[in-house]
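Heads up: the structure comes next, in structure tokens.
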Amino acid sequence: MSKPRRTLLARRWAKFRTNRRGYWSLLLFTVLFVVSLGAELVSNDRPFVVHYQGGWYFPIIQSYPETIFGGDFATETDYRDPYILEKLSRDGNWAIFPPNHYSYKTINTNLNQPVPSPPTGENYLGTDDQGRDVLARLLYGFRLSVLFGLGLTLVGTLLGIAAGAVQGYFGGRTDLLGQRFIEIWSAMPELYLLIIFAAIFKPSLGLLLFLLSMFGWMGLSDYVRAEFLKGRNLDYVQAARALGVGNLTIMYRHLLPNGMTPVITFLPFRMSGAILALTSLDFLGLGVPPPSPSLGELLAQGKANIDAWWLSLSTFAVLVGTLVLLIFIGEALRETFDPRKV
């Protein structure tokens, strides 16, 4: 990276930091995302390490049969079984568990009230209608939603840049045909297609990413197209053509850096839209298959169990908080890259 480019990035980063709301939103969102990436270290039904009869075991990274810990069966150990817990807590044996002793699919079989059960000292945010810990499902569901949003944003951005760059740079018939294709493609009933594909194929995160990427690139391509249309006849581009520089080189090295402003400023908003799309599909039952952790599925449970206020309230707080942070980051980026405020 050249020194002028580094200087420009440093100046923009300094300007971004002056927007305190956007800067702290970015820090908070980053911390939450990093914590969710290590969700297995925060919320898990397996201990980090077990010291049993002089041996050392690491259940969080390897499965062990319960016969190793004095059980009767050769199946995988259930570390929440009272019998196993008693074995691991006497005669100098011990185990270290994560702060929350539940994974996203762990069912609490020791509840003394019907599910969904309210928050207690055992389940800090209560359980859902299957007895699974809500805090664990929120933590894992947040990670799944953000990773899906990042993936959909990345794929849609790359497709949008490619389509907009080709239309804007070559113009003429290429631009005309591209615009007509976008008009026809954007008229396709996206929800109906999702319902049809969900009925034909087994629902999965990859299928959702593919289907939503087919339509998620069109909004961004218009902005990239406008930037390339504006820049393709500038003097430095004409000079590069006269020197025999190839079209791809001109597009990548000269026009694309100057057309990245709308791309960067729209990234947080596109990501929030992707998270909201996944949540909506999960709410309608067209999203990720069970027992995958899902914010939309928790909202659907809250709708089906009106008295279980902890389901709707906690999920709503996580979803709205995530979207608000992304919107604040997007607003800060838009002000940072606004040429009228340089």
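P119 has its side chain within reach of W310: a pair of non-hydrogen atoms, C-beta onward, lies under 4.5 Å apart. I182 has its side chain within reach of W217: a pair of non-hydrogen atoms, C-beta onward, lies under 4.5 Å apart. Using a 4.5 Å heavy-atom cutoff, the side chains of N44 and Y79 are not in contact. Residues R232 and M251 are not in side-chain contact: their nearest non-hydrogen atoms beyond the backbone lie 4.5 Å or more apart. Under the 4.5 Å side-chain criterion, counting only non-hydrogen atoms from C-beta, I68 is not in contact with T77. When side chains are defined from C-beta on, I264 counts as touching F337, because their heavy atoms get closer than 4.5 Å. Using a 4.5 Å cut-off on side-chain heavy atoms (C-beta onward), I275 and L326 make contact. Considering only heavy atoms from C-beta on, L255 stays 4.5 Å or farther from E227 through its side chain.
When atom types are taken as modelled, the side chain of S36 and the backbone of F33 share a donor-acceptor pair closer than 3.5 angstrom. Within the 3.5 Å criterion, the main-chain N or O of F142 finds no donor-acceptor partner in the side chain of S145. With Y102 contributing its side chain and L135 its backbone, the two residues share no donor-acceptor pair below 3.5 Å. Side-chain N or O atoms of T315 include one that pairs as donor or acceptor with a backbone N or O of L311 at under 3.5 Å. Here the side chain of S221 pairs a donor or acceptor atom with the backbone of M218 at under 3.5 angstrom. With hydrogens and angles ignored, the 3.5 Å screen pairs no side-chain donor or acceptor of E66 with any backbone N or O of I84. Under a 3.5 Å cut-off, the side chain of N93 and the backbone N or O of S89 do not form any donor-acceptor pair. Side chain of S117 to main chain of P114: no donor-acceptor pair is present (N/O by atom type, distance under 3.5 Å, no hydrogens or angles). No donor-acceptor pair closer than 3.5 Å links the side chain of T249 to the backbone N or O of V245.
In this structure, W13 and F16 have parallel ring planes: the angle between them is below the 30° cut-off, well short of the 60° mark. The aromatic rings of W94 and H51 lie parallel to each other, their planes meeting at an angle below 30°, with 60° marking the opposite boundary.
In the hydrophobic clustering of ILVMFWY residues, with side-chain heavy atoms under 4.5 Å counting as a link, Y124 and L41 come out apart. V324 is not connected to L28 by any chain of hydrophobic side-chain contacts under 4.5 Å among Ile, Leu, Val, Met, Phe, Trp and Tyr, and they are in different clusters. A single hydrophobic cluster is seen to contain both L205 and F197, as judged by linkage of ILVMFWY side chains at heavy-atom distances under 4.5 Å, directly or through other members. Y140 and V146 sit in two unconnected hydrophobic clusters of ILVMFWY residues. Membership requires side-chain heavy atoms under 4.5 Å apart, directly or through other members. Cluster annotation: V42 is not connected to V49 through the hydrophobic network of ILVMFWY side chains, with a link wherever side-chain heavy atoms come within less than 4.5 Å.
Checking Q62 against Y57 by side-chain atom types alone, no donor-acceptor pair falls below 3.5 Å. For the residue pair N100 / D133, a side-chain donor-acceptor distance below 3.5 Å is found, with atom types taken as modelled.
The existence of a salt bridge linking E297 and R137 is confirmed by a sub-4.0 Å separation between a basic side-chain nitrogen and an acidic carboxylate oxygen. Salt bridge status for R21 with E331: present, with a side-chain N to carboxylate O gap under 4.0 Å. A salt bridge links E122 to R80: one of the charged nitrogens lies within less than 4.0 Å of a carboxylate oxygen. Here R143 pairs with E40 in a salt bridge; the nearest charged N to carboxylate O distance falls below 4.0 Å.
No more than 12 heavy atoms of other residues, nucleotides or ligands sit less than 6.0 Å from atom OH of Y223. The number of heavy atoms from other shown groups lying within 6.0 Å of CG (N233) is above 12. Under a cut-off of 6.0 angstrom, the local environment of CZ in R173 is sparse, with at most 12 non-hydrogen atoms contributed by other residues, nucleotides or ligands. The neighbour count for L248 CG, taken as heavy atoms of other residues, nucleotides or ligands under 6.0 Å away, does not exceed 12. Summarising the local packing, CZ of F316 is surrounded by 12 or fewer heavy atoms from other residues, nucleotides or ligands at distances under 6.0 Å.
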- Test side-chain contact (heavy atoms from CB on, under 4.5 Å) on L212 and L281 and set out the steps. CA-CA 11 Å; L212 293 178; L281 291 175; 4.1 Å; yes
- Message: The test is side-chain contact (heavy atoms from CB on, under 4.5 Å); show your working for I161 and L256 and say whether it passes.
- Response: CA-CA 9 Å; I161 289 175; L256 183 59; 3.8 Å; yes
- Run the numbers on N19 and E335 for side chain to side chain donor-acceptor pair (under 3.5 Å), then give the verdict. CA-CA 9 Å; N19 189 312; E335 293 183 6; 3.1 Å; yes
- Task: Given side chain to side chain donor-acceptor pair (under 3.5 Å), test R132 with S103 step by step and report yes or no.
- Result: CA-CA 8 Å; R132 298 171 298 192; S103 182; over 6 Å; no
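Taking NZ of K87 as the start and CG of D81 as the end, the distance is 11.5 Å to the nearest 0.5 Å. In this structure, D128 CG and I107 CD1 are separated by 8.5 Å, a value rounded to the nearest 0.5 Å. If you take CG on L267 and CZ on R270, they are separated by 8.0 Å, rounding to the nearest 0.5 Å. With values rounded to the nearest 0.5 angstrom, I329 atom CD1 is found 10.0 Å from F269 atom CZ. Summarising the geometry, atom CD1 belonging to I96 is positioned 12.0 Å from atom CG belonging to L88; distances are rounded to the nearest 0.5 Å. Taking CZ of F69 as the reference point, atom CD of E86 lies at 15.5 Å (rounded to 0.5 Å).
L152 and S213 get closest at one heavy-atom pair: CD1-OG, 3.3 Å. Between P118 and Q113, the closest heavy-atom pair is CD-OE1, 3.3 Å. Scanning both residues, R12 and T336, for their nearest heavy atoms gives O-CG2, 3.2 Å. Taking all atoms of both residues into account, the shortest heavy-atom contact from P59 to P47 is CD-O, 3.6 Å.
When V288, T279, L299 are each tested for a side chain to side chain contact (heavy atoms under 4.5 Å, CB included) with S294, only one passes: V288.
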